[in-house]
Engineer: 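Shown below is the structure under consideration.
Residue numbers start from 1 in every chain, and the chains themselves are labelled A, B, ... in the order their sequence lines are given, proteins ahead of strands.
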Amino acid sequence: MNSKLQTLQGMHDRLPDNMKKRQWVIQRITSVFEKYGFEPMETPAIEYWEILSGKDVYGDEEKLIYKFQDRGRRDVGMRFDFTVPLARVVSSYPDITMPFKRYQIQTVWRCDKPQYGRFREFYQCDVDIVGTESVIAEAELIMVVSEIFEAVGFKKFMTKINSRRLLQTICEYSGVDKSKEFELFRAMDKRDRIGIDGVKENFEVLGLSKETKEKIISSLGQPIAQLEKLLPNKEGIAQVRTLFSHLENLGCNMKHIMFDPWLSRGFDYYTGPIFETIIEGTKVGSVAGGGRYDNLIGKFNDKDIPAVGISIGLERVLMVMDKLDMNPKFASPVKFLVTLFDDPTTKYALQVAKDIRNSGVGVEVYPEAIKIGKQFKYASRKKIPFVVITGPDEFKTHSVAIKDMKSGTQEVIKLAKLNTWLQKKLEIRK
RNA sequence: GUGGGUAUAGCUCAACUCGGUUAGAGCGCUUGCCUGUGGAGCAAGAUGUUGCCGGUUCAAAUCCGGUUACCCACCCCA
């Protein structure tokens with residue numbers, strides 16, 4: 001309860017219970033990533049301030065970057081996301097194989113005010129494809145996210161898809177000034193929370209004409225086929241159609257996918273298709289989001305390199321799993337606890353531990369010869385399935401007593417037969 | 001960054017409104033029944049600078065100010 005022992009605002013210790021869940025989820029995420037040919041990458045926690053801020057990638061969000069001077073009085077900042085580090089990497093290693101498919105799972109820092117589902121230090125899982133304009137890239141990413149949420153065990157999730165290109169076309173068609181486009185997108189993005197009427201109110205502030213407002217609202221209400229007839233420029237629609245067709249051909253479960261013309265996303269740098277995944281029945285917001293950003297990397301190296309990426313909010317995924325009570329049961333990697341009886345038999349206990357461990361399973365040795373009951377309790381708490389006793393009786397008869405903690409039964413096994421016994425047990429467990 | 005709420009035992013909370021003996025309960029924990037066996041049962045035991053700093057008062061968990069953290073809403077986002 002010493003206040004000096006507190007962690008910083010919005011930052012948390014991650015104790016074993018949390019880490020086991022986290023790693024369980026990460027393991028599922030990476031195995032899907034790798035199945036699609038994405039490779040791991042990491043970048044430093046701290047970057048030059050100029051890299052983080054110089055290209056005006058984040059806009060207003062820039063104020064949320066942790067910024068300070070290091071001991072050499074360099075202006076530096078903490079990694080805010082993985083998009084800028086990726087752009088830096090792609091720009092500084094020109095011989096990287098394109099298309100570059102990498103994933104990055106690390107913490108990022110945002111100096112935000114903590115709230116439900118919102119922290120100052122949190123894990124993100126980014127997966128990006130750099131160097132192709134093909135919509136197949138988008139389809140793969142959406143597919144990957146879908147597979148991940150299925151693998152983790154979610155039943156009701158939805159990836160909403162839209163296209164910035166399409167939204168721009170709607171803006172042109174409705175007569176929205178180019179300079180007001182992005183503000184309009186932000187207003188639209190709130191529809192889920194404040195409803196269409198709320199969005200209309202927000203449109204007021206933008207000073208749009210009545211005709212323009214009505215055109216926008218009615219366009220957004222149209223089914224995709226109607227929109228296509230309505231709009232002079234078909235490029236955005238074509239993009240969405242191609243994406244859906246690729247998804248179907250890739251075998252995506254389409255019940256988790258929908259077209260949502262209202263989706264717009266908060267970052268300015270998206271240029272093409274955009275997407276966002278939510279888990280139904282939770283108020284945590286989106287658990288994954290991304291899109292195409294063809295002009296961003298060019299800001300770093302003056303070459304136009306197209307890219308598309310998506311980010312999974314691991315913290316939020318874990319929160320939702322807790323909420324929906326879908327936490328996985330973990331089997332302990334340690335299958336045997338070798339108890340310590342007294343000094344004279346310690347040597348024997350350690351040798352037995354070695355023998356069992358050599359058969360390929362995890363073994364813990366209790367480090368002190370305390371009351372045997374306590375050692376059993378320890379095994380019970382750590383969910384270790386077998387407890388091994390190597391006391392004077394066992395030592396004399398060259399045997400070990402092994403108790404199955406689940407059934408409560410115990411058997412005495414001769415050392416000479418221990419190996420075959422282990423093999424039999426391990427077979428059964430497979 | 002703006003506004004509101006909360007902070008009491010390891011955990012969940014009570015007592016605070018209206019200041020007044022020794023700050024309680026459940027769960028967990030320790031010990032014993034059981035000197036070679038966890039979970040169930042019974043019995044006993046220990047919990048604490050009431051987040052921190054200061055003020056008011058004969059007297060503060062309780063009232064006031066500050067501070068730190070957490071929760072909620074906005075902003076925005078994963």
Engineer: Verify whether one side chain among A:Thr397 and A:Ser399 offers a donor that lies under 3.5 Å from an acceptor in the other.
Structural biologist: yes
Engineer: Verify whether one side chain among A:Gln124 and A:Ser311 offers a donor that lies under 3.5 Å from an acceptor in the other.
Structural biologist: yes
Engineer: Tell me if the side-chain of A:Arg118 makes a donor-acceptor pair with the base of B:C71, cut-off 3.5 Å, by modelled atom types.
Structural biologist: no
Engineer: Reckon A:Tyr116 touches a base, only the sugar-phosphate, or nothing at all at heavy-atom distances under 4.0 Å?
Structural biologist: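 Counting heavy atoms under 4.0 Å across all strands, the contact made by A:Tyr116 is with sugar-phosphate only.
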Engineer: Does the side chain of A:Arg120 get closer than 4.0 angstrom to OP1 or OP2 of B:A69 through an N or O atom?
Structural biologist: no
Engineer: Using a heavy-atom cut-off of 4.0 Å across all strands, would you classify A:Phe267 as base, sugar-phosphate, or nothing?
Structural biologist: sugar-phosphate
Engineer: Under 5.5 Å between ring centres and under 30° between planes: does that hold for A:Phe341 against the base of B:G36?
Structural biologist: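 Per 5.5 Å and 30° rule: no stacking.
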Engineer: Does the ring centre of A:Phe149 sit less than 6.0 Å away from the ring centre of A:His256?
Structural biologist: no
Engineer: Taking N and O atoms by type only, does the side chain of A:Glu394 place a donor or acceptor under 3.5 Å from a partner on the base of B:G36?
Structural biologist: yes
Engineer: Tell me what A:Arg110 touches on the nucleic acid: a base, only sugar-phosphate, or nothing, going by heavy atoms under 4.0 Å.
Structural biologist: base
Engineer: Give one of base, sugar-phosphate or nothing for A:Asp81, where a contact means two heavy atoms less than 4.0 Å apart.
Structural biologist: nothing
Engineer: Counting only side-chain nitrogens and oxygens, does A:Lys371 get under 4.0 Å of the OP1 or OP2 atom of B:G32?
Structural biologist: yes
Engineer: Looking at A:Gln115 and B:C74, is any side-chain donor or acceptor paired with a base atom of the opposite kind under 3.5 Å?
Structural biologist: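 Such a pair is found, so the answer is yes.
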Engineer: Base, sugar-phosphate, or nothing for A:Lys374, non-hydrogen atoms under 4.0 angstrom?
Structural biologist: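 Sugar-phosphate: the residue A:Lys374, judged by heavy atoms under 4.0 Å, touches backbone atoms but no base.
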Engineer: Contact class for A:Lys383 (heavy atom, under 4.0 Å): base, sugar-phosphate, or nothing?
Structural biologist: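 Nothing, no nucleic acid heavy atom in range.
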Engineer: At 4.0 Å (heavy atoms only), tell me whether A:Gln375 reaches a base, stays on the sugar-phosphate, or touches nothing.
Structural biologist: nothing
Engineer: Any base atoms under 4.0 Å from A:Gly290, or only sugar-phosphate, or nothing? Heavy atoms, all strands.
Structural biologist: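 Result for A:Gly290 = nothing.
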Engineer: Is a side-chain donor or acceptor of A:Arg164 paired with a backbone partner of A:Ser264 at a separation under 3.5 angstrom?
Structural biologist: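 Yes, the answer is positive, given that a donor and an acceptor are paired below the 3.5 Å cut-off.
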Engineer: Any N or O donor-acceptor pair under 3.5 Å from the base of B:C76 to the side chain of A:Arg186?
Structural biologist: no
Engineer: Under 3.5 Å, is there any donor-acceptor pair linking the side chain of A:Lys377 to the base of B:U37?
Structural biologist: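 When only heavy-atom distances are counted, A:Lys377 does not reach the base of B:U37 through any donor-acceptor pair under 3.5 Å.
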